[in-house]
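What follows is a set of notes on a single structure, which appears directly below.
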Protein chains: 2
Amino acid sequence: MLSKKTKYALHALTYLGKHKDQKTVLIQEIAEEHGISHKFLENILLELKKAGMLGSKKGKGGGYYLIKEPKDIPLSKVIRLLDGPIAMLPCVSLNYYEPCDECKNEAVCGINRVMIQVRDETLKILENKSLEDILKEE
Amino acid sequence: MLSKKTKYALHALTYLGKHKDQKTVLIQEIAEEHGISHKFLENILLELKKAGMLGSKKGKGGGYYLIKEPKDIPLSKVIRLLDGPIAMLPCVSLNYYEPCDECKNEAVCGINRVMIQVRDETLKILENKSLEDILKEE
DNA sequence: ACAAACCCTATTTAATTTATAGGGTTTGTT
DNA sequence: AACAAACCCTATAAATTAAATAGGGTTTGT
(Lines give C-alpha, C1' and ligand atoms only; values in the text may rest on other atoms or scores of the structure.)
Protein backbone atom coordinates (compact mmCIF):
# COMPACT_ATOMS: atom_id res chain seq x y z
CA MET A 1 0.00 0.00 0.00
CA LEU A 2 1.10 3.54 -0.64
CA SER A 3 2.32 5.52 2.35
CA LYS A 4 0.47 8.61 3.45
CA LYS A 5 3.32 10.66 2.11
CA THR A 6 2.71 9.38 -1.38
CA LYS A 7 -1.04 9.74 -1.06
CA TYR A 8 -0.69 13.31 0.13
CA ALA A 9 1.72 13.98 -2.71
CA LEU A 10 -0.78 12.70 -5.25
CA HIS A 11 -3.54 14.79 -3.74
CA ALA A 12 -1.34 17.88 -3.74
CA LEU A 13 -0.26 17.34 -7.34
CA THR A 14 -3.86 16.84 -8.35
CA TYR A 15 -4.88 20.02 -6.59
CA LEU A 16 -2.09 21.96 -8.25
CA GLY A 17 -3.07 20.47 -11.59
CA LYS A 18 -6.61 21.65 -11.15
CA HIS A 19 -5.41 25.16 -10.31
CA LYS A 20 -2.66 25.61 -12.83
CA ASP A 21 -4.28 28.75 -14.16
CA GLN A 22 -3.30 30.46 -10.90
CA LYS A 23 0.28 31.53 -10.46
CA THR A 24 0.75 29.90 -7.07
CA VAL A 25 -1.16 27.90 -4.48
CA LEU A 26 -0.58 28.04 -0.73
CA ILE A 27 0.50 24.99 1.27
CA GLN A 28 -2.18 25.92 3.75
CA GLU A 29 -4.87 25.78 1.12
CA ILE A 30 -4.00 22.24 0.03
CA ALA A 31 -3.53 21.11 3.62
CA GLU A 32 -6.95 22.36 4.65
CA GLU A 33 -8.63 20.93 1.58
CA HIS A 34 -7.45 17.43 2.47
CA GLY A 35 -7.11 17.63 6.23
CA ILE A 36 -3.35 17.24 6.16
CA SER A 37 -1.00 18.78 8.72
CA HIS A 38 0.54 21.91 7.25
CA LYS A 39 4.05 20.98 8.33
CA PHE A 40 3.88 17.42 7.09
CA LEU A 41 2.64 18.54 3.71
CA GLU A 42 5.36 21.16 3.59
CA ASN A 43 8.04 18.46 3.75
CA ILE A 44 6.38 16.56 0.96
CA LEU A 45 6.08 19.57 -1.32
CA LEU A 46 9.74 20.30 -0.67
CA GLU A 47 10.65 16.84 -1.88
CA LEU A 48 8.51 17.20 -4.96
CA LYS A 49 10.22 20.49 -5.64
CA LYS A 50 13.71 19.04 -5.24
CA ALA A 51 12.69 16.32 -7.64
CA GLY A 52 11.84 18.93 -10.23
CA MET A 53 8.09 18.46 -10.35
CA LEU A 54 7.11 21.67 -8.60
CA GLY A 55 8.28 25.23 -8.53
CA SER A 56 7.75 27.68 -5.71
CA LYS A 57 7.85 31.32 -4.97
CA LYS A 58 8.95 32.68 -1.63
CA GLY A 59 7.67 35.66 0.27
CA LYS A 60 4.27 37.20 0.57
CA GLY A 61 2.02 36.12 -2.26
CA GLY A 62 4.19 33.08 -2.87
CA GLY A 63 3.28 29.41 -3.03
CA TYR A 64 3.72 26.31 -5.16
CA TYR A 65 2.91 25.53 -8.77
CA LEU A 66 3.32 22.72 -11.26
CA ILE A 67 6.49 23.06 -13.26
CA LYS A 68 5.75 20.20 -15.65
CA GLU A 69 2.89 19.10 -17.81
CA PRO A 70 0.70 16.58 -15.96
CA LYS A 71 1.35 14.02 -18.69
CA ASP A 72 5.06 14.22 -17.86
CA ILE A 73 4.57 13.23 -14.23
CA PRO A 74 4.20 9.46 -14.20
CA LEU A 75 2.96 7.68 -11.09
CA SER A 76 6.18 5.67 -11.05
CA LYS A 77 8.17 8.82 -10.39
CA VAL A 78 5.99 10.03 -7.54
CA ILE A 79 5.89 6.64 -5.87
CA ARG A 80 9.63 6.09 -6.15
CA LEU A 81 10.35 9.50 -4.72
CA LEU A 82 8.18 9.24 -1.63
CA ASP A 83 7.85 5.50 -1.06
CA GLY A 84 11.01 4.11 -2.57
CA PRO A 85 11.25 0.95 -4.64
CA ILE A 86 8.42 -0.27 -6.83
CA ALA A 87 9.88 -3.76 -7.05
CA MET A 88 8.62 -6.34 -4.59
CA LEU A 89 12.10 -7.44 -3.54
CA PRO A 90 15.29 -5.45 -2.97
CA CYS A 91 17.17 -7.89 -5.20
CA VAL A 92 15.11 -6.93 -8.25
CA SER A 93 14.93 -3.19 -7.71
CA LEU A 94 16.32 -1.07 -10.52
CA ASN A 95 16.69 2.07 -8.43
CA TYR A 96 17.24 0.73 -4.93
CA TYR A 97 19.00 -2.59 -5.45
CA GLU A 98 20.19 -4.59 -2.45
CA PRO A 99 20.78 -8.30 -2.11
CA CYS A 100 18.13 -10.24 -0.17
CA ASP A 101 19.70 -11.55 3.00
CA GLU A 102 17.74 -14.78 3.13
CA CYS A 103 18.75 -15.66 -0.43
CA LYS A 104 21.71 -17.98 -0.68
CA ASN A 105 22.41 -17.53 -4.35
CA GLU A 106 20.66 -14.86 -6.35
CA ALA A 107 22.00 -16.29 -9.59
CA VAL A 108 19.86 -19.40 -9.25
CA CYS A 109 16.87 -17.99 -7.37
CA GLY A 110 13.54 -18.64 -9.05
CA ILE A 111 11.82 -16.09 -6.86
CA ASN A 112 14.24 -13.48 -8.12
CA ARG A 113 13.56 -14.38 -11.74
CA VAL A 114 9.81 -14.27 -11.42
CA MET A 115 9.91 -11.01 -9.49
CA ILE A 116 11.96 -9.43 -12.26
CA GLN A 117 9.13 -10.27 -14.63
CA VAL A 118 6.56 -8.89 -12.20
CA ARG A 119 8.60 -5.72 -11.80
CA ASP A 120 8.85 -5.17 -15.54
CA GLU A 121 5.14 -5.59 -16.06
CA THR A 122 4.27 -3.42 -13.07
CA LEU A 123 6.57 -0.68 -14.29
CA LYS A 124 4.84 -0.66 -17.65
CA ILE A 125 1.63 0.19 -15.85
CA LEU A 126 3.01 2.85 -13.54
CA GLU A 127 5.09 4.55 -16.18
CA ASN A 128 2.11 4.84 -18.46
CA LYS A 129 -0.21 6.34 -15.89
CA SER A 130 0.39 9.98 -15.16
CA LEU A 131 -1.06 12.90 -13.28
CA GLU A 132 -2.92 13.68 -16.47
CA ASP A 133 -4.88 10.43 -16.13
CA ILE A 134 -5.91 11.41 -12.62
CA LEU A 135 -6.96 14.88 -13.73
CA LYS A 136 -8.99 13.49 -16.61
CA GLU A 137 -11.05 11.48 -14.13
CA GLU A 138 -12.01 14.45 -11.97
CA MET B 1 8.06 -4.27 -0.95
CA LEU B 2 7.08 -7.68 0.29
CA SER B 3 7.36 -8.29 4.02
CA LYS B 4 9.77 -10.87 5.35
CA LYS B 5 6.79 -13.04 6.16
CA THR B 6 5.83 -13.22 2.52
CA LYS B 7 9.40 -13.72 1.39
CA TYR B 8 9.86 -16.54 3.85
CA ALA B 9 6.57 -18.05 2.73
CA LEU B 10 7.70 -18.01 -0.88
CA HIS B 11 11.01 -19.61 0.01
CA ALA B 12 9.27 -22.27 2.06
CA LEU B 13 6.78 -23.03 -0.69
CA THR B 14 9.59 -23.23 -3.21
CA TYR B 15 11.51 -25.59 -0.98
CA LEU B 16 8.47 -27.78 -0.49
CA GLY B 17 7.84 -27.75 -4.21
CA LYS B 18 11.35 -28.95 -4.89
CA HIS B 19 10.91 -31.77 -2.40
CA LYS B 20 7.43 -32.91 -3.18
CA ASP B 21 8.62 -36.44 -3.80
CA GLN B 22 9.22 -36.73 -0.04
CA LYS B 23 6.23 -37.28 2.18
CA THR B 24 7.09 -34.46 4.59
CA VAL B 25 9.71 -31.79 5.21
CA LEU B 26 10.72 -30.49 8.65
CA ILE B 27 10.27 -26.84 9.61
CA GLN B 28 13.78 -26.98 10.93
CA GLU B 29 15.18 -28.03 7.59
CA ILE B 30 13.60 -25.10 5.74
CA ALA B 31 14.55 -22.69 8.50
CA GLU B 32 18.19 -23.71 8.41
CA GLU B 33 18.34 -23.68 4.63
CA HIS B 34 17.32 -20.02 4.56
CA GLY B 35 18.56 -18.79 7.92
CA ILE B 36 15.09 -18.14 9.27
CA SER B 37 14.13 -18.42 12.92
CA HIS B 38 12.40 -21.75 13.48
CA LYS B 39 9.58 -20.22 15.46
CA PHE B 40 8.92 -17.39 13.04
CA LEU B 41 8.75 -19.78 10.13
CA GLU B 42 6.48 -22.05 12.12
CA ASN B 43 3.89 -19.28 12.38
CA ILE B 44 4.08 -18.69 8.67
CA LEU B 45 3.67 -22.35 7.75
CA LEU B 46 0.69 -22.48 10.06
CA GLU B 47 -0.94 -19.67 8.16
CA LEU B 48 -0.24 -21.31 4.84
CA LYS B 49 -1.76 -24.47 6.19
CA LYS B 50 -4.90 -22.73 7.43
CA ALA B 51 -5.22 -21.17 3.99
CA GLY B 52 -5.27 -24.62 2.44
CA MET B 53 -1.95 -24.53 0.65
CA LEU B 54 -0.05 -26.91 2.88
CA GLY B 55 -0.77 -30.12 4.74
CA SER B 56 1.08 -31.37 7.79
CA LYS B 57 1.63 -34.46 9.79
CA LYS B 58 2.12 -34.38 13.53
CA GLY B 59 4.32 -36.51 15.68
CA LYS B 60 7.67 -38.13 15.09
CA GLY B 61 8.41 -38.34 11.40
CA GLY B 62 5.95 -35.58 10.68
CA GLY B 63 6.38 -32.30 8.82
CA TYR B 64 4.86 -30.20 6.08
CA TYR B 65 4.03 -30.89 2.46
CA LEU B 66 2.38 -29.17 -0.48
CA ILE B 67 -1.28 -29.99 -0.73
CA LYS B 68 -1.84 -28.29 -4.09
CA GLU B 69 -0.23 -28.31 -7.46
CA PRO B 70 2.29 -25.47 -7.75
CA LYS B 71 0.35 -24.07 -10.72
CA ASP B 72 -2.65 -23.66 -8.43
CA ILE B 73 -0.79 -21.43 -5.97
CA PRO B 74 -0.79 -17.95 -7.51
CA LEU B 75 1.46 -15.25 -6.10
CA SER B 76 -1.61 -13.11 -5.48
CA LYS B 77 -2.88 -15.62 -2.95
CA VAL B 78 0.36 -15.85 -1.01
CA ILE B 79 0.85 -12.10 -0.93
CA ARG B 80 -2.71 -11.40 0.17
CA LEU B 81 -2.48 -13.95 2.93
CA LEU B 82 0.75 -12.73 4.51
CA ASP B 83 0.95 -9.10 3.46
CA GLY B 84 -2.64 -8.10 2.99
CA PRO B 85 -3.98 -5.94 0.18
CA ILE B 86 -2.43 -5.87 -3.26
CA ALA B 87 -4.12 -2.60 -4.15
CA MET B 88 -2.19 0.60 -3.58
CA LEU B 89 -5.00 2.31 -1.69
CA PRO B 90 -7.48 0.95 0.84
CA CYS B 91 -10.31 2.53 -1.14
CA VAL B 92 -9.62 0.34 -4.18
CA SER B 93 -8.92 -2.94 -2.40
CA LEU B 94 -11.16 -5.83 -3.39
CA ASN B 95 -10.38 -7.93 -0.33
CA TYR B 96 -9.55 -5.34 2.30
CA TYR B 97 -11.64 -2.32 1.36
CA GLU B 98 -11.65 0.75 3.59
CA PRO B 99 -12.36 4.38 2.75
CA CYS B 100 -9.31 6.67 2.57
CA ASP B 101 -9.55 9.19 5.35
CA GLU B 102 -7.98 12.07 3.44
CA CYS B 103 -10.42 11.62 0.56
CA LYS B 104 -13.40 13.93 0.68
CA ASN B 105 -15.51 12.20 -1.91
CA GLU B 106 -14.52 8.83 -3.29
CA ALA B 107 -17.18 9.07 -5.96
CA VAL B 108 -15.36 11.89 -7.73
CA CYS B 109 -11.75 11.03 -6.86
CA GLY B 110 -9.47 10.73 -9.87
CA ILE B 111 -6.80 9.04 -7.80
CA ASN B 112 -9.31 6.37 -6.87
CA ARG B 113 -10.27 5.81 -10.51
CA VAL B 114 -6.72 5.50 -11.73
CA MET B 115 -5.74 3.22 -8.87
CA ILE B 116 -8.61 0.90 -9.75
CA GLN B 117 -7.08 0.55 -13.18
CA VAL B 118 -3.64 -0.03 -11.70
CA ARG B 119 -5.08 -2.64 -9.36
CA ASP B 120 -6.79 -4.53 -12.17
CA GLU B 121 -3.67 -4.65 -14.26
CA THR B 122 -1.47 -5.62 -11.33
CA LEU B 123 -3.83 -8.40 -10.38
CA LYS B 124 -3.65 -9.83 -13.87
CA ILE B 125 0.07 -10.21 -13.38
CA LEU B 126 0.02 -11.69 -9.91
CA GLU B 127 -2.83 -14.07 -10.61
CA ASN B 128 -1.04 -15.44 -13.63
CA LYS B 129 2.27 -16.06 -11.90
CA SER B 130 2.32 -19.10 -9.67
CA LEU B 131 4.66 -21.22 -7.62
CA GLU B 132 5.12 -23.28 -10.76
CA ASP B 133 6.76 -20.31 -12.48
CA ILE B 134 9.21 -19.99 -9.63
CA LEU B 135 10.02 -23.69 -9.68
CA LYS B 136 10.56 -23.66 -13.44
CA GLU B 137 13.28 -21.04 -12.98
CA GLU B 138 15.30 -23.03 -10.46
C1' DA C 1 6.36 -44.24 28.09
C1' DC C 2 8.85 -41.10 25.66
C1' DA C 3 10.51 -37.94 22.53
C1' DA C 4 9.87 -35.78 18.14
C1' DA C 5 7.30 -32.57 15.75
C1' DC C 6 3.44 -29.80 14.76
C1' DC C 7 -0.16 -26.42 17.02
C1' DC C 8 -1.61 -22.08 19.26
C1' DT C 9 -1.61 -17.53 21.62
C1' DA C 10 0.53 -13.79 23.81
C1' DT C 11 4.25 -10.73 24.54
C1' DT C 12 8.37 -8.15 23.49
C1' DT C 13 11.56 -5.88 20.52
C1' DA C 14 12.90 -3.41 16.48
C1' DA C 15 12.02 -0.76 12.56
C1' DT C 16 9.46 2.32 9.99
C1' DT C 17 6.14 5.74 9.28
C1' DT C 18 3.87 9.78 10.69
C1' DA C 19 3.85 13.95 12.86
C1' DT C 20 5.76 17.86 15.42
C1' DA C 21 8.97 21.46 16.69
C1' DG C 22 11.59 25.38 15.99
C1' DG C 23 13.92 28.30 13.80
C1' DG C 24 15.99 30.34 9.04
C1' DT C 25 15.56 32.77 4.65
C1' DT C 26 13.34 35.25 1.04
C1' DT C 27 10.30 38.79 -0.71
C1' DG C 28 6.19 41.86 -1.44
C1' DT C 29 4.00 45.76 0.78
C1' DT C 30 3.64 49.84 3.40
C1' DA D 1 13.58 50.24 6.25
C1' DA D 2 10.36 47.52 8.89
C1' DC D 3 7.26 43.98 8.91
C1' DA D 4 4.81 39.97 8.01
C1' DA D 5 3.74 36.32 4.83
C1' DA D 6 5.34 32.24 3.05
C1' DC D 7 8.66 28.95 1.68
C1' DC D 8 13.10 26.37 3.40
C1' DC D 9 15.62 23.05 6.34
C1' DT D 10 16.96 19.80 10.04
C1' DA D 11 16.17 17.34 14.10
C1' DT D 12 13.35 14.97 17.33
C1' DA D 13 9.23 12.64 19.21
C1' DA D 14 5.09 9.80 18.88
C1' DA D 15 2.51 6.19 16.83
C1' DT D 16 2.10 2.27 14.21
C1' DT D 17 3.49 -1.89 12.11
C1' DA D 18 6.63 -5.67 11.31
C1' DA D 19 9.63 -9.07 13.18
C1' DA D 20 10.97 -12.01 16.50
C1' DT D 21 10.60 -14.54 20.85
C1' DA D 22 8.49 -17.18 24.48
C1' DG D 23 6.18 -20.89 26.48
C1' DG D 24 3.52 -24.26 26.72
C1' DG D 25 -0.13 -27.79 24.40
C1' DT D 26 -1.26 -31.75 21.47
C1' DT D 27 -0.47 -35.57 18.48
C1' DT D 28 1.86 -39.74 17.06
C1' DG D 29 5.55 -43.23 15.81
C1' DT D 30 8.69 -46.24 18.09
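Keep in mind the model is a prediction, meaning the values are calculated, not measured. In what follows, every chain begins at residue 1, and chains take the letters A, B, ... in the order their sequences are listed.
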Taking [atom1] from [X] and [atom2] from [N], how many angstroms apart are they, rounded to a whole number?
| X | N | atom1 | atom2 | result |
| --- | --- | --- | --- | --- |
| B/Leu26 | C/dC7 | CG | C1' | 15 Å |
| A/Leu41 | C/dA19 | CG | C1' | 13 Å |
| A/Glu29 | D/dA5 | CD | C1' | 15 Å |
| A/Leu82 | C/dT18 | CG | P | 10 Å |
| A/Tyr64 | C/dT27 | OH | P | 14 Å |
| A/Lys7 | C/dA19 | NZ | P | 10 Å |
| A/Glu98 | C/dA15 | CD | C1' | 14 Å |
| A/Glu47 | D/dC8 | CD | C1' | 13 Å |

Give a yes or no on whether [X] and [Y] share a hydrophobic cluster (residues Ile, Leu, Val, Met, Phe, Trp, Tyr; joining criterion: side-chain heavy atoms under 4.5 Å apart).
| X | Y | answer |
| --- | --- | --- |
| B/Ile30 | B/Leu26 | no |
| A/Tyr64 | A/Phe40 | yes |
| B/Leu135 | B/Leu16 | yes |
| A/Val92 | A/Leu94 | yes |

Does D/dA2 pair with anything, Watson-Crick or G-U wobble, both distances under 3.5 Å, and if so, with which nucleotide?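 Here D/dA2 is engaged in a pair, and the nucleotide opposite it is C/dT29.
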
Nucleotide paired to D/dT28 in any strand shown, Watson-Crick or G-U, under 3.5 Å: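 In the structure as shown, D/dT28 has C/dA3 as its Watson-Crick or wobble partner.
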
Between N or O atoms, less than 3.5 Å apart, protein on one side and nucleotides 25-29 of chain D on the other: list the pairs.
unit_1	atom_1	unit_2	atom_2	d
D/dG29	OP1	B/Lys57	NZ	2.8

Please check if any side-chain donor atom of B/Lys49 sits under 3.5 Å from a side-chain acceptor atom of B/Ser56, or the reverse.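 The criterion, which ignores hydrogens and geometry beyond distance, is satisfied for B/Ser56 and B/Lys49.
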
With distance as the sole criterion, is a donor-acceptor pair present between the side chains of B/Gln28 and B/Glu32 under 3.5 Å?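 Result is yes, a qualifying pair exists.
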
Mind telling me whether B/His34 and B/Tyr15 have parallel, tilted or perpendicular rings, with 30° and 60° as the class edges?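 If you compare the ring of B/Tyr15 with that of B/His34, the planes turn out perpendicular.
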
Heavy atoms under 4.0 Å is the rule here; annotate nucleotides 11-23 of chain D 5' to 3' with B where the base is hit, S where only the sugar-phosphate is, and - elsewhere. --------SBB-B

Check the phosphate of D/dA6 against A/Tyr65, side-chain N and O only, distance under 4.0 Å to OP1 or OP2. Yes or no?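 So the side chain of A/Tyr65 is outside the cut-off, no N or O lying under 4.0 Å from OP1 or OP2 of D/dA6.
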
Looking at B/Lys49, does any N or O in its side chain come under 4.0 Å of the phosphate oxygens OP1/OP2 on C/dC7?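 It does, given that an N or O in the side chain of B/Lys49 lies less than 4.0 Å from OP1 or OP2 of C/dC7.
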
State whether B/Glu47 and B/Lys50 are salt-bridged, where the test is any N-O pair (Lys NZ or Arg NE/NH1/NH2 against Asp/Glu carboxylate O) under 4.0 Å.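 Salt bridge flag = no for B/Lys50 with B/Glu47.
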
Sugar-phosphate only, base, or nothing, as touched by A/Leu45 at under 4.0 Å among non-hydrogen atoms: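 Answer is nothing: A/Leu45 stays at 4.0 Å or more from every strand.
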
When you look at A/Val78 and A/Met53, which way does the side-chain contact (heavy atoms from CB on, under 4.5 Å) test go after all the steps? CA-CA 9 Å; A/Val78 181; A/Met53 295 181 222; 4.1 Å; yes

